[in-house]
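All chains are named by letter (A, B, ...) in the order of the sequence lines, taking the proteins before the strands, and each is independently numbered beginning at 1. All values derive from a computational prediction rather than experimental measurement.
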Amino acid sequence: MADLSSDFVGIKSPNPFWLASAPPTDKEYNVRRAFDAGWGGVVWKTLGQDPHVVNVNGPRYGAIWGADRRLLGLNNIELITDRPLEVNLREIKAVKRDYPDRAMVVSLMVPCEEQAWKEILPLVEATGADGIELNFGCPHGMSERGMGAAVGQVPEYIEMVARWCKQTTRMPVIVKLTPNITDIRYPARAAKAGGADAVSLINTINSITSVNLDTMSPEPSIDGKGSHGGFCGPAVKPIALNMVAEIARDAETAGMPISGIGGVTTWRDAAEFLALGCGNVQVCTAAMTYGFKVVQEMISGLSEWMDQKGYVSVAEVSGRAVPNVTDWQYLNLNYVAKARIDQAACIKCGRCYAACEDTSHQAIAMSPTRVFTVKDDECVGCNLCVNVCPVEDCITLEPLSAGTLDERTGEAVKPGYANWTSHPNNPASTTAAE
Amino acid sequence: MAHSPTTPGIAAGRLAKDAYRGNFADLYAPLGPHEAIVAADRCYFCHDAPCITACPTEIDIPLFIRQIQTGTADAAARTIFDQNILGGMCARVCPTETLCEGACVREAAEGKPVQIGQLQRFATDSLMAADTHPFVRATPTGRQIAVVGAGPAGLACAHRLALRGHDVVVFDARKKPGGLNEYGIATYKAAGNFAQREVAWLLSIGGITLRTGVRLGRELSLAELQDDFDAVFLGVGLAGVNGLQIEGDDYDNVHDAVDFIARLRQATDKSKLPVGRHVLVIGGGMTAVDAAVQSKLLGAEHVTMVYRRGRDRMGASDYEQTHATSTGVRIITGASPVRILARDGKVDAVEFAYTEEDRSGMRLGDETFCIPADQVFKAIGQRLDDAPAGLTLDGAKIGVSAGGRTSLPGVWAGGDCVSGGEDLTVTAVAQGRDAAEDIHAALMGLNALAAE
């Protein structure tokens with residue numbers, strides 16, 4: 001049985017699944033039940049200075065849905081905790097005392113002034129919390145007041161605040177990054193430069209989930225007006241994975257611990273974040289949608305998969321896929337694949353045909369009896385047919401072995417590896433054309 | 001309660017009063033808005049979809065389902081009605097499992113097709129509930145066309161002609177319009193007086209005059225119609241009923257199933273309809289199933305359907321057969337009636353012989369058996385009676401060429417009365433619609449233009 005226990009920058013938890021700083025971790029009542037359900041740790045919902053903030057009194061969430069109203073993406077305009085600091089600190093202390101084996105990290109957001117940070121850190125430390133997470137990510141409301149994403153979008157501020165915190169507290173410092181930025185590597189480098197122990201990402205993405213076509217108000221609508229919110233849930237996972245990978249493979253930040261956040265809904269999502277370099281994952285939308293119990297599927301699923309693959313620890317999984325993330329220019333242009341349709345599995349819907357015909361290469365033939373076949377002389381191996389086929393594994397992309405004739409180019413598939421950097425069509429080619 | 005299912009002989013009110021309402025209400029509850037969206041989500045939006053090909057009226061099914069899925073049920077209904085103005089009834093009575101749903105790729109994939117019939121009902125009900133008519137007539141052409149028969153073929157023809165700007169007079173022999181939709185299908189398939197509501201909605205396009213109680217060959221002659229109108233469409237259906245041609249065919253309590261079904265449809269209080277304790281239905285088509293199932297729903301204790309060939313040859317689909325057996329109807333196949341036995345002039349039992357079939361044909365074997373019966377329904381097919389003189393027949397039905405043209409100039413035909421049909425509402429609609437387009441083209445000289 002795989003060991004799921006996790007040690008993230010010295011913070012120990014029985015599994016790598018933490019609840020992210022968000023509404024589910026706003027109070028003792030919730031966090032106790034989350035721990036009882038099996039969560040390895042929590043990042044307590046962001047604390048700020050008193051007087052505490054207020055929230056809107058209308059809707060805070062908007063959403064997008066897939067089939068059967070399955071929630072695919074959630075947007076929120078909720079701010080940091082709207083409870084007094086003292087109440088939160090007291091509850092954090094009580095919970096940590098009763099659940100010593102669980103990770104208790106406290107998210108913080110105070111004005112970008114050294115004094116403000118120096119005042120709050122000892123109060124948090126006194127609770128017995130295991131670490132802090134600096135909320136430099138919230139894109140709405142707080143950013144208008146010079147906090148959250150407003151800090152996270154300026155690498156110099158990140159470095160400065162991280163340094164203040166490291167100088168003031170013994171607790172590990174995790175910097176939570178905003179994705180609302182052009183290149184995630186710069187804030188990550190700044191966090192490292194400031195001495196942060198780790199980064200966590202992604203925070204939510206600026207978003208308007210929908211427009212009410214009757215009232216012409218963005219959703220969620222507060223008295224006829226809407227404001228952009230922070231987008232999260234399954235829809236953001238691909239964006240998060242890329243940003244995690246960018247940091248994991250950046251020479252300046254490689255090896256820096258990463259807590260992965262962004263649409264983790266199943267054990268599989270979690271495993272992917274781990275593979276791209278995360279030491280653990282944080283979950284929010286899945287718990288908000290389905291309740292705390294989802295962690296049990298994540299634990300059993302990750303455990304079963306690790307057993308199947310022979311991984312004995314989470315650390316062993318972490319970063320396994322990072323060496324395989326590369327730049328486009330290094331992809332092997334000698335790799336030639338063709339779509340193959342399993343006729344026994346095909347249900348003859350013709351979606352592959354429509355997609356190929358109307359999108360790209362007219363590389364699928366349709367017979368009068370609805371038999372669909374790939375035209376190898378047209379197929380560029382783009383994978384679109386695979387993606388639109390409703391039957392899993394009915395269409396696959398199969399590589400041609402070296403020496404095989406590629407009917408599209410009329411040339412044999414070349415052995416070995418060749419990329420764009422040395423391609424004769426590349427004006428900057430590093431190798432002269434043969 | 002005076003009577004029960006076990007009351008001997010023929011009796012009304014075999015069930016508790018409340019039971020009738022449930023028994024003859026909608027067989028399936030219509031989909032609610034969320035159910036419809038969930039069902040619509042299952043459609044793959046196939047390329048050149050097999051369901052469209054399988055539909056005699058070629059409704060663009062993937063498109064209308066996508067329109068439901070995106071919250072525009074009225075647009076979905078418009079997509080349906082463009083092809084099939086009786087899309088509401090077809091959603092209820094089509095044997096979808098052998099048509100669109102049978103062709104659905106999800107049927108092939110997992111044995112569970114998209115619920116096309118139910119989705120079609122959802123869309124058409126939605127638009128019809130708004131009580132507006134989605135079509136606007138073209139500029140009046142000044143042409144007048146007679147449509148004989150207000151069944152599915154005639155109504156579809158009349159609507160399309162009216163749409164094209166022609167004036168139409170629809171004649172029907174019965175008191176109410178609708179044809180088999182009103183008189184010929186089980187009550188639970190068109191609950192809530194749907195057939196009449198649908199006709200009223202269809203006629204609201206304008207330009208169609210309805211004259212009921214007028215029968216071709218009685219108050220009307222084809223020659224007169226040809227003189228008085230620019231074109232004539234015959235959608236007269238099959239008024240004749242085949243007899244058993246055996247001893248006892250004329251005994252008391254031996255009925256035509258179509259009459260029984262019609263009477264049932266018209267009865268406002270089903271508890272007043274008498275039905276036998278032992279009911280025997282002879283035949284294997286939809287009419288036989290409708291008669292058998294409804295006998296059971298009226299409270300008959302034992303209902304048996306007997307069909308002369310095997311199950312696979314029955315006109316009733318697998319689905320209909322299963323429905324019959326699930327309501328308690330017993331189905332016997334491979335037997336043919338040889339004699340009706342009577343007591344005091346009333347049917348008492350029917351003697352059957354097992355049939356034997358090989359390449360040379362079917363014959364009766366020596367082995368026989370008897371089934372007790374208080375009431376016998378004959379459902380062995382209908383035929384065209386009294387076809388107007390001058391029409392060339394193809395077999396026993398009116399022969400037509402493309403576009404529904406008969407052998408007489410200016411006379412078109414469609415629906416059950418023409419050869420080559422499948423005796424389905426949806427086929428009749430397609431033929432009526434296509435004949436209307438052909439009539440329109442002929443009257444407006446479009447064919448000649450196209451030929452130039």
Taking every non-hydrogen atom, the tightest pair across [X] and [Y]:
X: A:D68; Y: B:H34; result: OD1-NE2, 3.3 Å
X: B:D41; Y: A:A67; result: OD2-CA, 3.2 Å
X: A:C349; Y: B:C46; result: O-CB, 3.0 Å

Rounded to the nearest 0.5 Å, the CG atom of B:D48 sits from the CZ atom of A:R370 at a distance of 5.5 Å

Look up atom CE in A:M366 and atom NE2 in B:H47, then write down how far apart they are to the nearest 0.5 Å. 4.5 Å

Who wins among A:A354, A:G350, A:P390 for the most heavy-atom pairs under 4.5 Å with chain B?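 The answer is A:P390.
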
Kindly check if the number of other-residue, nucleotide or ligand heavy atoms within 6.0 Å of [atom1] ([X]) is above 12?
X: A:Q308; atom1: CD; value: yes
X: A:D358; atom1: CG; value: yes
X: B:R311; atom1: CZ; value: yes
X: A:R408; atom1: CZ; value: yes

By a 4.5 Å heavy-atom criterion (distance strictly below it), what part of B:P50 contacts chain A: side chain, backbone, both, or neither?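 Backbone plus side chain of B:P50, per the 4.5 Å heavy-atom cut-off to chain A.
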
Start with the C-alpha distance between B:Y44 and A:I347, add both sets of side-chain angles, then the distance that settles side-chain contact (heavy atoms from CB on, under 4.5 Å), and finish with yes or no. CA-CA 11 Å; B:Y44 286 142; A:I347 60 171; 3.6 Å; yes

